[in-house]
Amino acid sequence: MVPGRWRQHLQPRRRCQSLPMEKSAASTEPQGPRPVLGRDSVQVPDDQDFRSFRSECEAEAGWNLTYSKAGVSVWVQAVEMDRTLHKIKCRMECRDVPAETLYDVLHDIEYRKKWDSNVIETFDIARLTVNADVGYYSWRCPKPLKNRDVITLRSWLPMGTDYIIMNYSVKHPKYPPRKDLVRAVSIQTGYLIQSTGPKSCVITYLAQVDPKGSLPKWVVNKSSQFLAPKAMKKMYKACVKYPEWKQKHQPHFKPWLHPEQSPLPSLALSELSVQHADSLENIDESSVAESREERLGGAGGEGSDDDTSLT
């Protein structure tokens with residue numbers, strides 16, 4: 001039996017009052033998600049976790065603006081406990097995309113395989129609650145870095161006309177780290193989608209990821225100044241094309257909105273454990289130099305979208 005409170009989470013209008021829209025209300029919350037690095041057990045996020053994530057998305061203090069152009073802005077923040085570990089926040093205005101369409105695009109795993117040219121493999125593993133699941137994602141990194149993968153517990157929450165999707169890394173017994181990929185750790189990653197009108201919205205992407213190893217400075221700079229903006233713009237283009245695509249591919253199949261449609265097997269939280277970064281092999285790529293092809297091509301001209309995936 002699904003707990004009643006999770007059923008309520010899927011009723012956006014009813015949840016609206018419990019997650020205030022006003023920034024003054026958000027500012028009273030702690031700035032940033034509750035610490036997850038020290039998390040001892042796997043838990044499905046609750047209302048406080050969603051509020052804290054929203055506060056971090058809306059926060060301004062402590063963030064360094066590195067890019068702002070054509071409706072896309074990017075900020076970077078070095079984490080105090082480890083100056084080599086960075087947070088990145090990217091915000092984009094979507095003038096011709098309703099919030100609900102963007103929400104669908106981020107959920108639709110089959111469509112992602114079409115527009116996310118950086119994905120190597122992605123699939124959902126199991127269902128935890130009506131608004132939480134476990135999934136696998138692997139992606140190509142800028143050359144000559146090693147490619148990464150991740151196992152995450154993802155949860156989502158509609159809030160009136162706004163939405164949050166967020167995740168953190170877990171360990172699943174059937175999907176251990178692979179030799180051909182570096183297992184990264186999502187400490188807290190997600191999206192805040194805020195409606196600004198019937199056909200417009202703003203999306204904020206917030207990522208605190210330990211890629212395992214001290215990344216070269218050029219990677220951080222490239223991510224904040226080139227990769228993140230390009231990825232957001234590509235996502236926007238995918239959203240514009242989504243309604244037409246979806247009409248031809250199971251138009252009524254949206255298990256993120258209708259949990260009774262989910263074909264995933266159920267999984268108990270006790271089957272999962274928290275993925276801590278210190279339990280994984282440390283890959284130090286701090287001395288890796290950007291390849292001449294990548295440096296001169298910026299990301300390969302017309303093929304630049306190949307290096308623009310957000311996890």
Side-chain angles (χ1 to χ4, degrees), residues 1-3 6 9-10 33 36-46 49 106-141 145-157 164-191 207-213 249-250 253-283 285 309-311:
M1 180 66 69
V2 176
W6 293 118
H9 277 174
L10 297 180
V36 292
L37 279 176
R39 190 193 298 267
D40 294 322
S41 61
V42 176
Q43 301 171 6
V44 174
D46 59 18
D49 292 306
L106 290 174
H107 271 290
D108 199 322
I109 194 169
E110 293 305 317
Y111 188 56
R112 184 169 194 127
K113 295 174 184 177
K114 301 293 183 181
W115 68 266
D116 183 358
S117 56
N118 223 37
V119 66
I120 298 174
E121 186 178 15
T122 182
F123 53 87
D124 297 326
I125 298 172
R127 173 183 175 182
L128 299 171
T129 70
V130 293
N131 68 324
D133 61 18
V134 178
Y136 174 86
Y137 181 80
S138 58
W139 70 98
R140 299 178 183 89
C141 290
L145 299 179
K146 296 179 181 294
N147 295 331
R148 260 69 176 177
D149 73 348
V150 68
I151 300 285
T152 60
L153 186 159
R154 181 183 62 166
S155 56
W156 53 93
L157 178 64
I164 286 179
I165 303 173
M166 61 184 187
N167 70 63
Y168 68 91
S169 282
V170 294
K171 289 193 287 187
H172 190 292
K174 293 184 179 180
Y175 300 93
R178 293 165 45 172
K179 293 183 179 180
D180 59 327
L181 296 168
V182 176
R183 178 62 51 90
V185 177
S186 169
I187 300 169
Q188 184 81 80
T189 301
Y191 302 89
Q208 184 180 355
V209 178
D210 187 342
K212 291 310 298 171
H249 299 83
Q250 296 182 288
F253 182 72
K254 296 184 178 182
W256 52 93
L257 296 179
H258 311 291
E260 68 278 4
Q261 296 179 346
S262 177
L264 296 176
S266 296
L267 182 71
L269 286 177
S270 58
E271 296 294 315
L272 304 171
S273 57
V274 176
Q275 178 67 79
H276 294 294
D278 57 10
S279 68
L280 294 168
E281 179 184 1
N282 190 51
I283 307 297
E285 296 170 292
S309 178
L310 295 178
T311 60

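By the side-chain hydrogen bond (donor to acceptor under 3.5 Å, both in side chains) test, E110 pairs with K113, sequence neighbours left out. Contacts of K114 classified as side-chain hydrogen bond (donor to acceptor under 3.5 Å, both in side chains), with partners at least two apart in sequence or in another chain: none. K254 pairs by the salt bridge (charged side-chain N to carboxylate O under 4.0 Å, His left out) definition with D104, not counting sequence neighbours. Among residues two or more places apart in sequence or in another chain, the side-chain hydrogen bond (donor to acceptor under 3.5 Å, both in side chains) test is passed with H172 by none. Residues that satisfy the side chain to side chain contact (heavy atoms under 4.5 Å, CB included) test with S273, not counting sequence neighbours, are K171. Under the rule for a side-chain hydrogen bond (donor to acceptor under 3.5 Å, both in side chains), the partners of Y136 that lie at least two apart in sequence or sit in another chain are D149, R178. By the ring-ring contact (aromatic ring centres under 6.0 Å, His included) test, H258 is found to be paired with no residue, residues two or more places apart in sequence or in another chain being considered.
When only modelled atom types and interatomic distance are considered, Y137 and D116 share a side-chain donor-acceptor pair under 3.5 Å. S155 and N131 form no side-chain donor-acceptor contact under 3.5 Å, judged by distance and modelled atom types alone.
A 4.5 Å side-chain heavy-atom check between Y168 and D49 finds every atom pair outside the cut-off. Using a 4.5 Å heavy-atom threshold, the side chains of K146 and D180 count as separate.
Every pair tested for salt bridge (Lys or Arg N to Asp or Glu O under 4.0 Å) that includes a residue from residues 260-274 fails, sequence neighbours excluded, so the list is empty.
Nearest approach of A132 to V44, heavy atoms of both residues: CB-CG1, 4.0 Å. When all heavy atoms are compared, the tightest approach of R148 to A184 is CG-CB, 3.8 Å. Taking each heavy atom of C141 and N147 in turn, the nearest pair found is N-OD1, 3.0 Å.
Here the rule is side-chain contact (heavy atoms from CB on, under 4.5 Å) with V170, and of V150, I151, L128 only I151 fits it.
Using a cut-off of 4.0 Å between Lys/Arg side-chain N and Asp/Glu carboxylate O, D133 and R154 are scored as salt-bridged.
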